[in-house]
Enquirer: 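If you scroll down you'll find the structure; I have some questions about it.
Letters A, B, ... are given to chains in the order of the sequence lines, protein chains preceding strands, and every chain is numbered from 1. Just so we're clear, the structure is a prediction, and the values are computed from it rather than from any experiment.
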Amino acid sequence: MASQVDMLFFTLLAMSVAVVVVIAGLIVYFGYKYRRRPENLVADQIQGSMRLEIAWSVIPLLIAMGIFVWGARLYFEMASPPAQARDVYVVAKQWMWEFQHQDGMREINALHVPLGEPVRLTMVSQDMIHSFFVPAFRVKQDVLPQRYTTAWFQATQPGTYHLFCAEYCGTLHSGMVGDVVVMAPQDFQTWSSQGDAETPAEAGEHLFAQFGCINCHKADNSGRGPALAGVFGRTVTFADGTTTVADENYIRESILNPDAHVVKGYEPIMPSFQGQLNEDQLLQLLAYIKSLGAKQP
Amino acid sequence: MSAITLPRQDTYLNINYGIRSWLLTTDHKRIAILYLVSITLMFVIGGAAATMMRIELFTPASDLVDAATYNKLFTMHGIVMIFFFLVPSIPAILGNFILPLMLGARDLAFPRINLLSWYIYMLGAGVTLWALIAGGVDTGWTFYTPYSTASPTHVVAATVGVFIAGFSSILTGLNFIVTTHKLRAPGMTWFRLPLFVWSLYATSLILVLATPVLAITLVLVAVERLFHVGIFDPALGGDPLLYQHLFWFYSHPAVYIMVLPAMGVVSEIIPTFAHKGLFGYKVVAISSIAIAVLGFLVWGHHMFVSGMSLHAALMFSAFSYLVAIPSAIKVFNWTSSLYKGSISYDTPMLYALGFIGLFTIGGLTGLYLAALGVNVHVTDTYFIVAHFHYIMVGGSVMGYFGGLHYWWPKMTGRMYPEKWGRAAAIIIFIGFNATFFPQFILGFEGMPRRYAAYPPEFQFLNMLSSLGAVLLGIGYILPALYLIPSLWFGKQAGPNPWDATGLEWKTSSPPPANNFEKIPVVTTGPYHYPGKQDKVG
């Protein structure tokens with residue numbers, strides 16, 4: 001992705017240098033040739049030229065539309081992580097970054113990732129708006145409170161790279177920095193197998209039992225709420241007939257504000273878990289619900 | 001050296017004396033001077049904050065000032081420069097003074113409202129300055145929620161100040177629109193209007209239509225802070241992206257509020273110093289209106305990484321490319337206007353040519369930011385800081401200084417020392433590029449904006465930028481050192497020192513209180529210079 005962004009950036013750079021050279025060149029050339037001097041005290045009165053006006057409106061417009069399409073294609077690619085990406089859950093808060101890997105490792109202000117493997121970030125903020133920015137990967141995405149945003153990248157060179165918060169978030173904004181450490185796949189394997197932490201999905205499974213979710217959302221669909229296996233990414237239909245794709249933010253809303261959208265065929269009896277679950281726990285429940293889809297395709 | 005005494009002549013300056021005659025004046029020319037003094041003061045305050053920031057950024061660590069102070073400095077710099085310098089500078093000073101003269105009118109349509117708008121500006125500035133002195137504000141000039149809802153600093157007072165100042169803008173815009181419609185001299189048809197009038201008219205439309213949205217948004221922030229009503233803060237059930245939409249709905253058009261008047265100034269200076277009509281006059285005039293209209297459709301390009309929908313991003317990117325076209329057209333027309341001219345290089349012309357170069361760079365780098373895939377990388381970095389300073393300082397401030405020098409003889413009746421004027425213009429041009437060009441590179445390399453401390457590999461470019469800022473600072477101090485003494489020691493200007501064509505040059509300098517002995521009758525288009533009619537090529 002970085003090289004594709006740079007390709008467009010440097011194309012734009014070449015184009016702007018050309019424009020600046022032409023404009024500045026003409027100003028200097030006309031400025032010298034037509035400077036006021038005794039034999040050039042009276043200017044020629046030129047009203048303009050409709051042909052030129054059309055030319056220098058239409059040609060830049062066509063070029064601009066070309067750049068627009070190029071930039072938009074890149075942007076859509078940035079918004080579509082590969083299906084097999086490795087999941088990392090991110091909680092941002094004043095003024096630190098917390099990461100939870102899909103295989104259980106947790107870290108603060110450092111993010112270890114394997115070389116060559118796409119990494120998908122599911123991010124949420126605990127307070128202000130932050131922004132996840134790794135210049136080397138050309139990736140930046142605001143991290144919002146009460147709402148998930150996602151981003152992805154794939155590292156192509158081992159090394160340590162800057163992670164910055166790019167959205168001003170208060171006093172120590174410039175201290176909300178960290179490192180992204182890109183490791184060879186086997187080194188990453190070794191690193192991530194140290195420690196015996198639960199994976200987010202396992203932690204989510206425990207929460208699912210602990211908060212009694214399991215009493216209604218029974219796996220065999222005999223409970224008062226719908227079974228959740230495979231729900232992630234599926235289109236769900238609500239009581240009023242509208243539909244939505246069950247994405248991260250829909251799952252979140254269903255936990256915190258279940259009455260907002262009630263699935264067709266079910267009663268609005270689920271209580272809100274607003275205030276009972278912290279952001280880490282919500283992400284773990286999300287990871288668990290996503291894993292249900294993966295287990296039973 | 002002794003002051004040169006002029007023969008007694010009735011002017012707006014000597015018609016009466018004393019503090020009351022100024023504070024209760026309804027003469028647009030005196031009100032312009034009141035604005036000149038107060039806006040210059042705000043420029044000094046905003047510039048002082050910038051100077052502190054650049055000194056702090058000379059080294060990577062946050063050592064001269066701590067992070068909290070640094071955040072207050074960039075907030076103060078932004079608020080003061082945007083709302084109290086850039087937005088009002090050209091319209092309220094130069095526009096106020098020149099617009100009625102250019103139209104052949106005796107004053108603006110509503111002289112008392114004009115005075116009222118200055119008092120409103122002073123009240124807004126006073127409240128905002130109080131907030132900045134009483135402990136400061138650390139939200140950035142953008143007041144993004146939820147931080148502005150949570151920040152322990154004087155957010156409410158600062159937003160109230162900006163809110164009040166907004167009404168000054170609205171009244172000025174309204175006054176200009178009515179004046180342009182109703183008070184044109186006989187024969188002054190729309191396509192005989194000087195381009196400065198066209199650009200002020202376009203600016204006024206934006207002032208009247210966009211400023212109320214800012215006012216509403218700031219009221220909502222204050223309501224949320226004071227009464228904990230959930231509007232923008234998700235913790236209270238609000239939506240922070242709603243804030244960003246409302247804020248940029250004003251603040252993107254505000255960019256055109258700041259740059260359109262400068263484009264108008266440049267469109268006056270070039271014909272005068274090339275002694276010929278502006279190439280493509282009508283196209284340039286219509287471009288101003290096109291910019292004002294299209295400028296309302298692009299606000300979302302500030303939000304490409306905010307979590308906004310992909311399809312909205314697509315629309316905003318496309319519209320952003322459309323709004324670039326009328327600006328490009330203007331650059332091509334200004335440049336072509338030099339062809340077969342008779343060009344002299346007095347100070348205003350140096351500023352105008354500098355404007356074209358810097359505005360071109362600012363505009364071109366806007367294309368990078370409008371490209372969605374590139375925007376993701378460079379937004380919220382120093383790239384964007386450099387980009388908008390090329391537009392706001394390289395464009396608007398160059399235009400303002402150009403206009404101030406161009407109309408100084410008209411406003412004061414005296415010439416400034418030309419050599420000093422040229423020297424300052426060149427120092428400002430070099431100092432500006434030295435300050436802001438390195439910031440493009442810093443941004444591409446990934447240095448985020450609003451950082452009190454930064455990784456050491458960014459130091460070299462930051463040092464260059466800070467050294468450039470010293471030069472730029474010197475450049476900005478110089479005009480004060482020669483313009484003020486010129487009031488007493490400058491040589492007499494006469495009605496038309498530049499051999500210019502506008503109606504403002506048909507009356508004496510400084511003009512009499514009622515502008516014209518006799519209202520002029522207009523029989524030709526603007527920029528009517530002698531010379532053989534010619535075609536391109």
Side-chain angles (χ1 to χ4, degrees), chain A residues 5 8-9 12 16 19-20 23-24 26-27 30-31 34-36 40-49 52-53 56-57 60-61 64-65 67-68 70-72 74-76 78-79 128-129 131 133 135 138-142 144-147 149 162 164 166-174, chain B residues 67-68 71 140 144 146-147 234 240 274-277 279-280 283 305-307 310 313-314 317-318 321 324-325 328-329 331-332 335 338-344 353 356-357 360-361 364 367-368 371-374 376-377 380 445-446 448 450-453 455 529-536:
Chain A
V5 171
L8 176 51
F9 184 92
L12 283 163
S16 359
V19 173
V20 170
I23 297 286
L26 283 175
I27 290 176
F30 290 159
Y34 302 112
R35 69 192 185 280
R36 191 170 303 162
N40 182 33
L41 287 175
V42 179
D44 280 14
Q45 298 306 317
I46 304 168
Q47 299 300 321
S49 152
L52 272 176
E53 300 289 351
W56 63 45
S57 312
L61 183 66
M65 286 299 114
I67 300 165
F68 159 67
W70 188 350
L74 276 176
Y75 187 69
F76 272 73
M78 288 171 177
M128 304 309 155
I129 298 176
S131 192
F133 177 33
R138 310 288 186 259
V139 62
K140 185 184 290 120
Q141 174 61 54
D142 283 8
L144 304 175
Q146 310 280 341
R147 198 179 126 186
T149 51
H162 285 299
F164 295 124
E167 183 62 60
Y168 176 68
C169 59
T171 312
L172 292 184
H173 169 57
S174 58
Chain B
N71 297 343
Y144 264 27
Y147 188 66
H275 273 193
K276 66 192 283 287
F279 196 90
V283 179
V305 298
S306 70
L310 291 183
L314 214 55
S317 169
Y321 282 108
I325 302 299
I329 292 173
V331 169
F332 298 139
T335 307
L338 302 175
Y339 176 67
K340 294 199 176 176
S342 166
I343 304 164
S344 66
L353 296 178
I356 298 176
T360 300
I361 294 174
L364 285 167
L367 301 182
Y368 300 48
L372 288 162
V374 174
V376 169
H377 176 53
D380 285 327
E445 289 181 351
R450 298 178 168 176
Y451 263 35
Y529 281 96
K532 74 170 194 298
Q533 294 296 315
D534 202 348
K535 290 227 159 33
V536 190

Enquirer: If you round to the nearest 0.5 Å, how far is CD of A/Q45 from NZ of B/K340?
Expert: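 Reported to 0.5 Å precision, the distance equals 12.0 Å.
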
Enquirer: Quick one: which of A/S57, A/A79, A/C169, A/P60 has the most heavy-atom pairs under 4.5 Å with chain B, could you say?
Expert: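 Going by pairs under 4.5 Å, I would pick A/S57.
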
Enquirer: Nearest 0.5 angstrom please: A/I23 CD1 to B/I356 CD1, how far?
Expert: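 Going from the CD1 atom of A/I23 to the CD1 atom of B/I356 covers 8.0 Å.
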
Enquirer: At a 4.5 Å cut-off on heavy atoms, which part of B/A324 comes close to chain A: side chain, backbone, both, or neither?
Expert: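 Neither; nothing under 4.5 Å.
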
Enquirer: Minimum heavy-atom separation for B/G531 to A/V42, with atom names?
Expert: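 B/G531 and A/V42 have their closest heavy atoms at CA-CG1, 3.4 Å.
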
Enquirer: Does the side chain of A/P135 come within less than 4.5 Å of B/H377's, by heavy atoms?
Expert: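 A side-chain contact under 4.5 Å exists here.
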
Enquirer: Looking at B/A68, B/P530, B/A313, which has the largest count of heavy-atom pairs under 4.5 Å with chain A?
Expert: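 With the most close heavy-atom pairs to chain A, the winner is B/P530.
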
Enquirer: Between B/F332 and A/L52, is a side chain to side chain contact (heavy atoms under 4.5 Å, CB included) present by the stated rule, with each step listed?
Expert: CA-CA 9 Å; B/F332 298 139; A/L52 272 176; over 6 Å; no

Enquirer: What residue, out of A/G170, A/A72, A/S131, A/A24, has the most heavy-atom pairs lying under 4.5 Å from chain B?
Expert: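 Top count of heavy-atom pairs under 4.5 Å with chain B: A/G170.
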
Enquirer: Mind listing the closest non-hydrogen atom pair of B/G341 and A/A43 along with its distance?
Expert: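 In terms of heavy atoms, the two residues are closest at CA-CB, 3.7 Å.
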
Enquirer: State, yes or no, whether a side-chain contact exists between A/I27 and B/L338 at a heavy-atom distance under 4.5 Å.
Expert: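 Side chain of A/I27 against side chain of B/L338, heavy atoms only: contact under 4.5 Å found.
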
Enquirer: For the residue pair A/F9 and B/Y368, does the interplanar ring angle fall in the parallel (under 30°), tilted (30 to 60°) or perpendicular (over 60°) class?
Expert: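 A/F9 vs B/Y368 ring planes: perpendicular.
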
Enquirer: Using the ring of each side chain (for Trp, its six-membered ring), is B/Y339 parallel, tilted or perpendicular to A/Y34, with breaks at 30° and 60°?
Expert: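 The arrangement is perpendicular - the two ring planes meet at more than 60°.
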
Enquirer: Measure B/L372 against the heavy atoms of chain A and call it side chain, backbone, both or neither at under 4.5 Å.
Expert: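 Interface part for B/L372: both.
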
Enquirer: Given the options A/Q146, A/Q141, A/E53, which has more heavy-atom pairs under 4.5 Å with chain B than any of the others?
Expert: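 Highest number of heavy-atom pairs under 4.5 Å: A/E53.
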
Enquirer: What part of A/L144 gets within 4.5 angstrom of chain B, counting heavy atoms only: side chain, backbone, both, or neither?
Expert: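 A/L144 touches chain B through side-chain heavy atoms alone.
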
Enquirer: State, with a plain yes or no, whether a side-chain heavy atom of B/P234 is found less than 4.5 Å away from one of A/R147.
Expert: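 No, side chains not in contact.
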
Enquirer: Donor-acceptor check, side chain of B/N71 to backbone of A/T171, threshold 3.5 angstrom: yes or no?
Expert: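 A pair under 3.5 Å: yes.
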
Enquirer: Measure distances from B/A328 to the heavy atoms of chain A and classify the residue's part below 4.5 Å as side chain, backbone, both or neither.
Expert: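 No part of B/A328 comes within 4.5 Å of chain A.
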
Enquirer: Rounded to the nearest 0.5 Å, what's the gap from CD1 on A/I129 to OH on B/Y147? Could you check?
Expert: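 It comes to 13.0 Å.
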
Enquirer: Which atoms of A/M78 are under 4.5 Å from chain B, going by heavy atoms: the side chain, the backbone, both sets, or neither?
Expert: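 The side chain, not the backbone.
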
Enquirer: What is the minimum heavy-atom distance between B/F279 and A/S49, and which atoms define it?
Expert: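 Shortest heavy-atom contact: CZ-N, 3.7 Å.
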
Enquirer: Can you measure from CH2 (A/W56) to OG1 (B/T335) and round to the nearest 0.5 angstrom?
Expert: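 Here the interatomic distance stands at 8.0 Å.
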
Enquirer: Is chain A contacted by the side chain of B/Y144, its backbone, both, or neither, given a heavy-atom distance below 4.5 Å?
Expert: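 For B/Y144, side-chain heavy atoms alone lie under 4.5 Å from chain A.
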
Enquirer: Can you tell which of A/N40, A/V5, A/L74 has the highest number of heavy-atom pairs within less than 4.5 Å of chain B?
Expert: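 The candidate making the most pairs under 4.5 Å is A/N40.
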
Enquirer: Mind checking the NZ-CD1 spacing from B/K532 to A/I46? Nearest 0.5 Å is all I need.
Expert: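 Reported value, rounded in 0.5 Å steps: 8.5 Å.
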
Enquirer: What closest approach, in Å, do B/L314 and A/F76 show between heavy atoms, and which atom pair accounts for it?
Expert: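 The answer is CD1-CE1, 3.6 Å.
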
Enquirer: Counting only heavy atoms closer than 4.5 Å, note whether B/V283 contacts chain A via side chain, backbone, both or neither.
Expert: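 For B/V283, the contact with chain A is made by the side chain alone.
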
Enquirer: Output all residues satisfying side-chain hydrogen bond (donor to acceptor under 3.5 Å, both in side chains) with A/T149, sequence neighbours left out; order by chain, then residue number.
Expert: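 side-chain hydrogen bond (donor to acceptor under 3.5 Å, both in side chains) check on A/T149 returns nothing, list empty.
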
Enquirer: Which atom pair, heavy atoms only, marks the closest approach of B/I343 to A/G31?
Expert: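 Taking B/I343 first and A/G31 second, the nearest heavy atoms are CD1-CA, 4.0 Å.
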
Enquirer: So B/Y451 and A/H173, would you call those rings parallel, tilted or perpendicular, with 30° and 60° as cut-offs?
Expert: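 Geometry flag for A/H173 against B/Y451: perpendicular rings.
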
Enquirer: Would you say the side-chain atoms of A/K140 pair up with the backbone N or O of B/V376, donor to acceptor, closer than 3.5 Å?
Expert: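 Confirmed, A/K140 side chain pairs with B/V376 backbone.
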
Enquirer: Taking the side chain as every heavy atom from C-beta outward, state whether A/F133 and B/V305 have any pair of such atoms under 4.5 Å apart.
Expert: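 Answer no - side chains too far apart.
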
Enquirer: Could you look at B/I325 and say if it's the side chain, the backbone, both or neither that has a heavy atom under 4.5 Å from chain A?
Expert: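 For B/I325, side-chain heavy atoms alone lie under 4.5 Å from chain A.
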
Enquirer: If I compare all heavy atoms of A/A64 with all of B/Y321, which pair ends up nearest, and what's the gap?
Expert: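 Closest heavy-atom pair between A/A64 and B/Y321: CB-CD2, 3.7 Å.
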
